[in-house]
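Worksheet for the structure shown next.
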Amino acid sequence: MNFHKDVLVMDAGREADRIVSFIRDYARSARRNGAVIGLSGGIDSALASELCVRALGKDNVHSLILPERDSNPVSAEYGLKQARKLGITSETIEITPVLEALGAYEKRDSAVRKFFPDYEPGWTMKISLPPDLLHKEAFNVFTLTVTDSRGQVRTARLDKDGLNGIVAATNTKQRTRMVELYLAAERRNYFVCGTTNRTENLQGFFVKYGDGGVDIEPLAHLFKTQIFQLSAHLGVIGEILRRKPSPDTYSFAVSDEEFFYRMPIPTLDLLLHGWENKVPVEEVAKVMDLTEDQVKRAFRDFASKFSGTEHVRQAPPTLPDPR
């Protein structure tokens, strides 16, 4: 294929029309009257809301704002502003009480205390992968970072049990949100619109039966850089366009790059496109002004994440009919 630095640049108007038709056709075939979407204050959900309104009309799109106690306050603010810009109905549901009842925070904090026994309410925490993948070799081993009541930052390398404990408890947030979205959708005979993009999908950067548990994924063919292109074209609010992508699930702010990707998104997307399409390493290196070792390092990381999350992208396996 012809690999070049602008290979992900697209005709935004034509692509918007194509996605709008896809959404409209799905609603008709599924016999649904409209769409419900969770507005997170991030760019993916904002773009999905723009496209749903164009496909179904503003009176047939309903949005939910679903904050919890670790959410950045601007997330709800930006989500609500995007809903008002589009003229769609919106309701804010605080999911903290549900998460407390499920023990999500306590289970997460219990996992954190195995590394910081004095960890207590009021501290902040996040997990992240080693930075700067292209310039230094490092395994995908997560680091736990906390800030104590005096503002001191402390770190510890997570073992498998610690990581699993924190992630399992944290993923309850996405799954709780999906329960609320389906409750709102089924009451209206609407479908739940997904917001996962191709960058996330290829690397398994979503929660199965959480943000991955939806009726339709209109953005899953678009890389994150293309999400930004289309969002600018359709007029997503400026605050969201300028906001750095983040999972927004930890009390200590962490970007998607720090948390998972390990490189800037424009670089990531171009490399990921080359990897997915099996462009020769030497060609990718030349086009992107990287060394072949850097490209190989990125490709190894992509392959590892793709294979390690294959089960997340698949439907549950079943046995064939024995007859």
Side-chain angles (χ1 to χ4, degrees), residues 40-43 67-76 78 95-96 99-100 102-177 199-200 203-207 210-211 224 242-265 267-268 297-298 301-302 304-305 308-309 312:
S40 67
I43 197 162
E68 49 90 19
R69 75 184 194 195
D70 291 332
S71 301
N72 187 327
V74 303
S75 297
Y78 293 171
I95 65 170
T96 298
L99 294 170
E100 288 176 335
L102 291 170
Y105 299 114
E106 180 52 40
K107 289 169 185 173
R108 180 203 61 195
D109 293 352
S110 177
V112 172
R113 288 191 189 100
K114 292 178 181 178
F115 301 88
F116 299 105
D118 51 344
Y119 184 84
E120 60 185 29
W123 292 29
T124 60
M125 59 79 62
K126 68 178 180 180
I127 62 174
S128 58
L129 287 173
D132 203 11
L133 171 67
L134 295 181
H135 293 93
K136 54 187 176 184
E137 192 78 63
F139 293 111
N140 283 319
V141 176
F142 279 88
T143 295
L144 170 64
T145 303
V146 302
T147 304
D148 65 23
S149 55
R150 295 171 294 177
Q152 294 181 321
V153 177
R154 297 151 65 181
T155 64
R157 178 171 168 162
L158 283 173
D159 58 23
K160 186 176 181 180
D161 288 343
L163 175 64
N164 288 346
I166 291 171
V167 170
T170 303
N171 285 352
T172 306
K173 299 178 181 183
Q174 288 92 332
R175 294 187 175 113
T176 299
R177 290 189 173 104
T199 307
E200 294 166 338
Q203 298 191 84
F205 189 25
F206 60 92
V207 177
D211 49 336
K224 191 76 171 189
R242 293 187 293 270
R243 189 180 187 190
K244 182 176 287 189
S246 165
D248 198 27
T249 50
Y250 297 96
S251 52
F252 193 144
V254 60
S255 69
D256 285 353
E257 180 183 335
E258 295 173 282
F259 177 70
F260 193 75
Y261 290 142
R262 304 180 63 190
M263 69 183 79
I265 287 173
T267 302
L268 166 72
R297 194 176 299 142
D301 189 65
F302 299 157
S304 174
K305 286 175 178 172
T309 58
V312 177

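These numbers were taken from a predicted model, which means no experiment stands behind them. No hydrogens, no waters, no symmetry mates; every other heavy atom, side chains included, goes into these values.
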Q. Can a cation-pi geometry be assigned to Lys224 and Tyr261, taking NZ or CZ under 6.0 Å from the six-membered ring centre and within 45° of the ring axis?
A.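 Here Lys224 fails the 6.0 Å and 45° test against Tyr261.
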
Do [Y] and [X] meet the salt-bridge criterion of a basic N to acidic O distance under 4.0 Å?
X: Asp161; Y: Lys114; value: no
X: Glu257; Y: Lys244; value: no
X: Arg297; Y: Asp301; value: no

Measure across [X] and [Y] and return the closest heavy-atom pair with its distance rounded to 0.1 Å.
X: Ser255; Y: Pro247; answer: C-CD, 4.0 Å
X: Phe260; Y: Lys305; answer: O-NZ, 2.6 Å
X: Ala111; Y: Phe115; answer: O-CD1, 3.5 Å
X: Pro130; Y: Val141; answer: CD-O, 3.3 Å
X: Met263; Y: Ala298; answer: CE-CB, 4.2 Å
X: Thr124; Y: Ser251; answer: CA-OG, 3.2 Å

Side chains of [X] and [Y] in contact at under 4.5 Å (non-hydrogen atoms):
X: Asp211; Y: Arg177; result: no
X: Ile265; Y: Thr199; result: no
X: Ser128; Y: Phe142; result: no
X: Ile127; Y: Val167; result: yes
X: Asn72; Y: Ser246; result: no
X: Leu99; Y: Arg69; result: no

[atom1] of [X] to [atom2] of [Y]: how many Å apart, nearest 0.5 Å?
X: Lys126; Y: Phe252; atom1: NZ; atom2: CZ; result: 4.5 Å
X: Leu144; Y: Arg157; atom1: CG; atom2: CZ; result: 13.5 Å
X: Ile166; Y: Asp109; atom1: CD1; atom2: CG; result: 9.0 Å
X: Trp123; Y: Phe116; atom1: CH2; atom2: CZ; result: 8.0 Å

(Q) What verdict does the side chain to side chain contact (heavy atoms under 4.5 Å, CB included) test give for Thr309 and Phe205, after you've listed the backbone C-alpha separation in whole Å, the side-chain angles of each residue and the deciding distance to 0.1 Å? (A) CA-CA 9 Å; Thr309 58; Phe205 189 25; over 6 Å; no

**Q.** Residues forming a side chain to side chain contact (heavy atoms under 4.5 Å, CB included) with Arg150, sequence neighbours excluded
**A.** Asp148, Gln152

Q.
Checking Thr249 against Arg108 for the side chain to side chain contact (heavy atoms under 4.5 Å, CB included) test, could you report, in this order, the C-alpha distance in whole Å, the side-chain angles of both residues, the deciding distance, and whether it holds?
A. CA-CA 12 Å; Thr249 50; Arg108 180 203 61 195; over 6 Å; no

Q: Please identify each residue that fulfils side-chain hydrogen bond (donor to acceptor under 3.5 Å, both in side chains) with Arg175, with sequence neighbours left out.
A: none

Q) Between the side chains of Tyr105 and Glu68, is a donor N or O closer than 3.5 angstrom to an acceptor N or O? A) yes

Q) How far apart are the C-alpha atoms of Arg154 and Asp118, what are their side-chain angles, what is the distance that settles it, and do they pass the side chain to side chain contact (heavy atoms under 4.5 Å, CB included) test? A) CA-CA 12 Å; Arg154 297 151 65 181; Asp118 51 344; 3.3 Å; yes

Q: Tell me, with the steps shown, if Lys173 and Thr176 meet side chain to side chain contact (heavy atoms under 4.5 Å, CB included).
A: CA-CA 5 Å; Lys173 299 178 181 183; Thr176 299; 5.9 Å; no

